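So that the names make sense, note that chain A is the first sequence line, chain B the second, and so on, each numbered from 1. Treat the numbers as computed from the prediction; the structure is a model and nothing was measured.
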Amino acid sequence: MYDTRTRDLKEIVDREGLVTIYCCGPTVYRDAHVGNLRTFLLADLISRTLQLQGLEVDLIQNITDVGHLADDFQGEDKLLAEAERTRIDPFEIAREFEDRFHQDLALLNVQPARAYPRASENMQSMIESIQRLIEIKSAYVGSDGSVYFDATSFESYGAISGNKLEALKPGHRYEYTDEGGKKFHADWALWKLAGARTQMIWDSPWGLGFPGWHIECSAMSIDLLDAHVDVHVGGIDLRFPHHENERAQSNSLTHSEVVQTWVHGEHLLFEGKKMSKSAGNVVLLKDIKTRGIEPLALRLVFLENRYRSQMDLTWAALEAAHATLRRWKNSMAQWGEAKDLKIDLDLSQAFAQDLDTPRAILRLRAIEKDQTIGNQDKRAIFLFADQVLGLSLAEIPMSKPITGEVQRLLDQRVIARKTKNWSQSDSLRDQLANLGIEINDGAAGQSWHWK
RNA sequence: GGUCGGAUGGCCGAGAGGCGAGGCAAGGGACUGCAAAUCCCUCUACACGGGUUCAAAUCCCGUUCCGACCUCCA
């Protein structure tokens, strides 16, 4: 896999058959949009690929339910802002969106992680980590009483992002608002005093307050993965400052390189534009379903693009993937019912080489068309690929039971066709189409399937 | 301004020195009461200007444009 820190392809090395993965999870103040889902899918693909190679995977994904620490005085905690807007308890909001996050992952066939630790439930561990950082002089209590990490104490700061401390001069992009108690502009808060805040605050040796955003990942990955993360996954935007700071904290705490390989997923555009509220193009999995597109079509679209390249998601691409998926499922059903797997070297190599899923998809299309490969083999190879692709290819495409009304219309149409009442049969076909049924008239008579 | 990616046919997208991926859309044909689905056929591209080479989409130099990150973000 491509490692952001060394800027090179790096082999993922197991330790006695085990690989640990940590994936930065959602901040649960709103629904995850399809861009977030692409990153979560990346962790799933890495995990499934390793499993295909016979390795055991231990995956941890955090839930950020404390809200991000605002970096200037204008910034508001996202969760609390949402709580204020909706007048609902912030923890209740967090749980609600956390549930929906899990539902979305399930619809995309993302295998569950071993644990989804919540920041709010690991407060003690974070506080202990901060205390230890102060002890070893990597952190200090600032003049405002909050605790800050001393960026200059960590020698290789900037290794992931390429940023140099001297170059990180404040004020070139945003109007810089000095954060009171810092000694140095690149330092960041580990524990922020509550100030006027009354909700989502905890007691600590430094007083009531809340943790900085980066410390949760350090604390939880050290606790749950025993300070050894083989693969750390996240969106490209987290490279800096989040992962840079996380690495500084984790390595300082353990005196070791905690993360072996940093994998970053590139961002997603939608219809050519960055997804943002202001552009009005934030797309949720829900919206895709509303359009009658299968959630797994989204998974297929993502697989058709390399995780390291920016991709432009479009409705046309989603619809094309929906059609491909349907065709594959139909073909699979025609190819038999066997559950045998057949290893295909091209496919396993494509997966193993920096997750080249586009090449894998290409290979499948070639196998699909290849007349020298028998149906049984085709099915077995597709099933082999599906272990990583996770597209439920063996699923029978028409899964919903039909209603009595649909059955009645179908029966009427059979009669209409027998009596060559074409106008009635066409009108019935239209009615059925509105109900989501597609009609095929073949030599053997009428057949149908869900669109 | 700094750092890092990218530019491929109507559209989306692989490929990384030689034999021109694939998909979608479109057009033609087969099939059909008509459709749909399916199958067959057609459409031949690498931002621009130099250079290296027997040979460049691919390597080098320059230019233009687009994007990402640079303390909210997946």
### Message
Side chains of A/R417 and A/Q446 only: does a donor on one sit below 3.5 Å from an acceptor on the other?
### Response
no

Nucleotide of [options] approaching [X] most closely (side-chain heavy atoms):
X      : options                : value
A/H185 : B/rU38, B/rC73, B/rU71 : B/rU71
A/F240 : B/rU38, B/rG15, B/rU71 : B/rU71
A/S309 : B/rA14, B/rG22, B/rA36 : B/rA14
A/H267 : B/rU71, B/rA14, B/rA68 : B/rA68

Would the base of [N] count as contacting [X] through its side chain, where contact means a donor and an acceptor less than 3.5 Å apart?
X      : N      : result
A/T324 : B/rG23 : no
A/D426 : B/rG33 : yes
A/R429 : B/rC34 : yes
A/D441 : B/rC34 : yes

### Query
What interatomic distance, in whole Å, is found between P of B/rG6 and the corresponding atom of B/rG17?
15 Å

### Message
Suppose you measure atom P in B/rG49 against the same atom in B/rC54; what distance do you get, rounded to whole Å?
### Response
23 Å

Is any side-chain N or O of [X] closer than 4.0 Å to OP1 or OP2 of [N]?
X      : N      : answer
A/N440 : B/rA37 : no
A/N305 : B/rA14 : yes
A/K369 : B/rG23 : yes

[X] pairs by side-chain contact (heavy atoms from CB on, under 4.5 Å) with which of [options]?
X      : options                        : value
A/Y307 : A/T357, A/V233, A/L42, A/L41   : A/L42
A/S250 : A/V258, A/N245, A/V229, A/I215 : A/V258
A/L298 : A/L285, A/L303, A/L107, A/I293 : A/L285
A/T49  : A/D44, A/L355, A/V57           : A/L355

### Message
Using a 4.0 Å cut-off on heavy atoms, which residues in residues 407-417 of chain A reach RNA chain B? List them by number, or say none.
### Response
A/R413, A/R417

Which part of the nucleic acid, if any, lies within contact of [X], taking any heavy atom under 4.0 Å across all strands shown: a base, the sugar-phosphate backbone alone, or nothing?
X      : result
A/R239 : sugar-phosphate
A/S425 : base
A/I439 : base
A/I361 : nothing
A/H33  : base
A/N245 : nothing

### Query
In whole angstroms, how far is the P atom of B/rG13 from the CZ atom of A/R308?
17 Å

### Summary
Here the helical stems involving RNA chain B, each at least 3 consecutive Watson-Crick or G-U pairs closer than 3.5 Å, sorted by first residue number, are B:1-7 with B:64-70, B:10-12 with B:22-24, B:26-30 with B:38-42, B:47-51 with B:59-63

